[in-house]
Each structure stands twice: as C-alpha cells, then as structure tokens.
Amino acid sequence: MNPKLTRRHLIGLAALQTAASLGLTRIGPASRRTAAQRSADYAPAVVIGSGYGASVAALRLAEAGVDTLVLEMGRLWNTPGPDGKVFCSTGAPDHRSMWFRGRTEAPLATFLWLDVVNKDITPYPGVLDRVAHPDMAVYVGRGVGGGSLVNGGMAVTPPRSYLTEVLPQIDAARMYDTYFPRARAALGVNTVDPAWFESTKWYRFSRISRRHARHAGLRTVFVPSVYDFAHMEREASGQAPKSALAGEVIYGNNHGKRSLDKTYLAAALGTGRVVIATGCRARSIRREPDGSYVVTADRTDDSGRTVETREVGCARLFLGAGSLGTAELLVRARETGTLPGLDDEVGRGWGHNGNVMTARANHLWDTVGACQATMPALGIDDWANPACPVFAEVAPLPMGFEHWISLYLAITRNPERGVLRYDAAADAVRLDWRREQNQPSVSAAKSLFDRINRANVTIYRYDLFGGNRAFADDFTYHPLGGCVLGRATDDFGRVKGYPGLYVTDGSLIPGSIGVNPFLTITALAERNMERILAVDLAGGASPG
Ligand code: FAE
C-alpha cells in the first residue's frame, strides 16, 4: 500500500525544508511557564528521540491538540552535500556515514580477510552510530527519523503465538486487527511484485538463497518493506534515480525509502503543533515538586562541541530515544537521584533479538549477481521449528562484482538478557552482556545453516567478519528492552511511580520479538498512545 500523502504530510515536508534552511536549533515554545518551570523553556509535551516510537507519540499528541517539542540528538537529513546527495553510499562512505568517527565501522569488516571495506572519514554527526559495549556493539540510526534512516526497511509482523508469549498482557486480537494495520498504513508498507522479483537481476541473490533453502526443506517468505518497490522498478528501468539499486542503505537512502521524516514525522509537523529541535541531546531528567518534568539538553555543533545547554520543562515527557538511549536516561536518573523512585526493573530485560550474521560460499555455477538491491525482500522462516526457531533475512551484499556469497541476518530465540548499569566515574551507562550469552543464537543459526550447507554441499565464509569467524555474534541491529512493558512501566508504557512520564520505543519489548522489530515498535506505540491520550490526557496536557 502507498501511504496517502495528505495535505498535512505535504505541509510537514515543507516545514522540514524550512527547518533545514533555517538551521533549526531552537528549543520550542517558551510560552505557558508555570512557577515551577520559571528557569526552563516549556512545552506541554516533550518527546526525546525521533525514531519509530517517538514519531508515533509526536503525531498522536499533536492530533490531540497538544503542542509537542521533539528533541533529537542527530541532524535533519535533507541538505545535499557537494555531490548533490543527502546521503553517501555504502561503497563510498564519507563524513556523512558515521556518528563522529575517524574511520567507518561497517558490520562486514573484511573481504577475503583484507581490510578493504572500511574507509577513513572526517568526524561529523553522521547517520549511523555503532555504540560499542565490551562484548556487544549496537548499530543505531542518528537523525530525524532515527533507525528509519539506516535500516533495511523490512516491516515484518511477528507470529501471533510469539507476540503473545513475549507480551502476554496485550490484547493480541486488537494488535493484529487494529494496531498492526494502522502502523503498516502509516509507514507505507508494500510488497515486491512477485513477477518482477522472479525476473529481475537485482534479486538473483535472493532466488539463489531460496533455492538452497528449499533443497534443505525450508520455507521462504516475501518480507514487506517500507522501501517503495514501484520506485525500485523504475530505478531498474532507468526511469528514476537509483538508490536501493545504487548500494545505498546503512548510510541512508537518497530515494525510495519511506523513512519516518516522510511519513509519521511529516504528518506530525503538518499539524503545526510539533517542533523538532535537532542536535539536541537530552542528558538528564528531573521532576519538579508540581509533578512536571525538566529535561537538560546539550546542543552540539557539527564538530560535536556543546554550544548550549538548555532546560526544557514539560507536563508530559515521552521517552523515545531507543532501547539504549531511553534506558540510559532512566538508569542515570535513578542512580544519580534525579528520579530516585524508578523501579529496579529499569535497565533490565535487554536483548539483541537473537541477531547473528553469517555467510555461505556458493558453487561457481550458482552466481548471485554483481547487481543486488540493498533492500531485503525474502526471509527463511523456520520459526515454527521447536528445537531451533530461526527467522533469517536473506541479506544483500552489493559489491558491484560477482562474489558467490549468500549473506544472512538470522533472528533467533535467545533467552539470555543483559542489564544496563550506571558507571558513576564516566557518567555513562554500560551494557552488561557477556559473549557467551550469544551461544544460544549461534547454535540455532548454525543448526539452520548447517542444514542448508549439507543439502547444497556448500560451506561457510570465514573472511568477512574478522577473526576467521563464520558467525558474527558481536553486534546487533535490533536492540530491545531495558524498560520492559509491565515491569519497569505499567501495561501501557507509563513509567512506574512517575505520572506523566512515558516510554514509547523498543525498550518496552523484552529483548526478543522473533522478527525485525520496527513494525512491532510502531504498532505497540500506537496502542499505548491511544490509551494514554484517552485516559491521561482527556482533559489536556497537565499532569493530573
Ligand atoms: P530509534 O529508531 O533507534 O530512534 C531513537 C532516536 O533517539 C534516534 O534518532 C537517536 O538519535 C535519538 N536519541 C537517542 N538518545 C537521545 C538523547 N539522549 N537525546 C536526544 N535524542 C536521542 O528507536 N528493523 C526492522 O524492523 N527492519 C529492518 O529491516 C531493520 N534493519 C536495520 C538495519 C540497520 C543497519 C539498523 C541499525 C537497524 C535496523 N532495524 C531494522 C532496527 C530498527 O531500525 C530499530 O528497531 C528501530 O529503529 C528502533 O526504533 P525506536 O523507536 O526504538
């Protein structure tokens, strides 16, 4: 389905353009100050972050008539660089690629064991960050739209039985009948035309993987996407500028991707009630005696230097900084005593959705093609396997030449959970996750891909992930948990003990969801916001 570009979306997109040309940096409406908020700028509602959960919150608050300020630490990505493009490609990364790095840190580190993938770059607030904890690195998007700017666009609905197991307190019927469809429509989810998929050279790599999976008796499924497949077909026929067919993905897509700045956030801005402050990193949160909240935020410039520190007061505070970002703000607030009554569950229940990446070497006659679309369109679905449930995305590896590699991102069922702990000396939050906690994921992935290798007489590739490894289990794209629904919050994301404080992002999901997570994060945020607006904000934005 195409998202309907309403008048409100168009006004919102125009607002984004204006914001960019003004270099938007203001921290929103300073009106309506109360005695308790004298020292602070004030907005009735503040949303921290602008990823999936945050964008849902901003739009639904604005539609309910609540003026809302969004604080986003990354940039607004709509200004072309000297090459005329907003984003750089995966094959030719520059300063725009990564968040304040001197060298890129791509998930696939090497090719033929050679350090040819990563490139030196100038530090800059680039769009992809790799947050390194001792035994686990977490990739996240930075900028207006959060992870939607860098992800693979796969909009997958989890199996109902698993959602019910993971989040038993939610009404599954309502989720599948109302909130998943609402999220899909607002995000502009669509599917590849099967006839085009079967014939195009751009998905040869997927068809080869499908054949090999079938030889092992495994089922594959098409995965819906927020990349506009009609645009992709026009790219292929030379009628539209290339993006997914030009190696663009983890450092952003210049065309075709329905990222949140084109969907939820455009609609939110179109209401006229939302201001997005970019380059603003929320550092701490406190509660005033009158029950309102004050966020301390640093505004940084393109060199990363703090140019201003501001306090923003609000009646309602929505945390949408992503699993790590939200947990960090709350763990710090509890441990430094600014929100001392936060539950012990804050910081717990973190997981990486069982992510493991692996690659197989194909026979010379099984070419995967020099041309590969960057947007996955196929998954191997073995989640119903009771011994080793795995959902594996058939991932592209667009290198512009034939390499005979089949690449996969496996999502496994891993019961291990990590904890986010405060390190007072560094004023930072560290993820306590040990390498051996990945073992259930590696075992499950190995079981599935051993099966495929046996059936096709193929082997793993050991040259791509560093350390001569066949399984990359030291990073994740899917951080989840840290502020789990029904434990650190009530069943709708209200933070326990703190009326007017809400969590609205992936930190609500307890570490695993069995598929790529953004559709579930969006649908869950829709569900929670509907309740919060109906019950908590029925009389306006003041805490009550
Ligand atoms: P998220 O989208 O991470 O947004 C958080 C936002 O908050 C970011 O913009 C941050 O910059 C901002 N922020 C953080 N801390 C602060 C602070 N202190 N102050 C101000 N702003 C802050 O949160 N998922 C899928 O379902 N399908 C895919 O195909 C897929 N592919 C992926 C590929 C890559 C390379 C990556 C990195 C992720 C992928 N994901 C995919 C995961 C998906 O993008 C992720 O689950 C969601 O973006 C998480 O949404 P949240 O709302 O939790």
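For ligands, and for the atoms within them, numbers begin at 1 and follow the listed sequence.
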N or O contact, [X] vs ligand 1, cut-off under 3.5 Å:
| X | value |
| --- | --- |
| Gly147 | yes |
| Tyr52 | yes |
| Val150 | no |

I'd like the name of whichever of Glu72, Arg281, Met154 reaches closest to atom 27 (N) of ligand 1 through any heavy atom.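 Nearest heavy atom to atom 27 (N) of ligand 1 lies in Met154.
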
Quick one: which of Pro125, Gly146, Gly320, Ala321 has a heavy atom closest to atom 14 (C) of ligand 1? Ala321

Between Phe229 and Tyr227, is the ring centroid distance below 6.0 Å? no

Below 4.0 Å from any atom of ligand 1, is there a heavy atom belonging to Cys280?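 Checking ligand 1 against Cys280, which is what was asked, there is a heavy-atom contact under 4.0 Å.
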
Heavy-atom contact under 4.0 Å between Pro479 and ligand 1? no

Under-4.0 Å protein heavy-atom contact, atom 30 (C) of ligand 1: yes

Given that the side chain starts at C-beta and the backbone is N, CA, C, O, which of these parts of [X] lies under 4.0 Å from ligand 1, counting heavy atoms, or is it both or neither?
| X | answer |
| --- | --- |
| His478 | side chain |
| Ile250 | side chain |
| Val156 | neither |
| Asn516 | both |

Should the pair Tyr52 and Phe518 be assigned to parallel (<30°), tilted (30 to 60°) or perpendicular (>60°) ring geometry? parallel

Tell me, please, whether Phe492 has Arg531 positioned over its six-membered ring: NZ or CZ under 6.0 Å from the ring centre and within 45 degrees of its axis?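 Positive - Arg531 is close enough to the ring of Phe492 and near enough to its axis.
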
Would you find a donor on one side and an acceptor on the other, under 3.5 Å apart, between the side chain of Arg527 and the backbone of Ala525?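 Between the backbone of Ala525 and the side chain of Arg527 there is no qualifying donor-acceptor contact (under 3.5 Å).
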
I'd like to know if the side chain of Asn253 and the backbone of Glu248 have a donor-acceptor N/O pair within less than 3.5 Å.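 Yes.
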
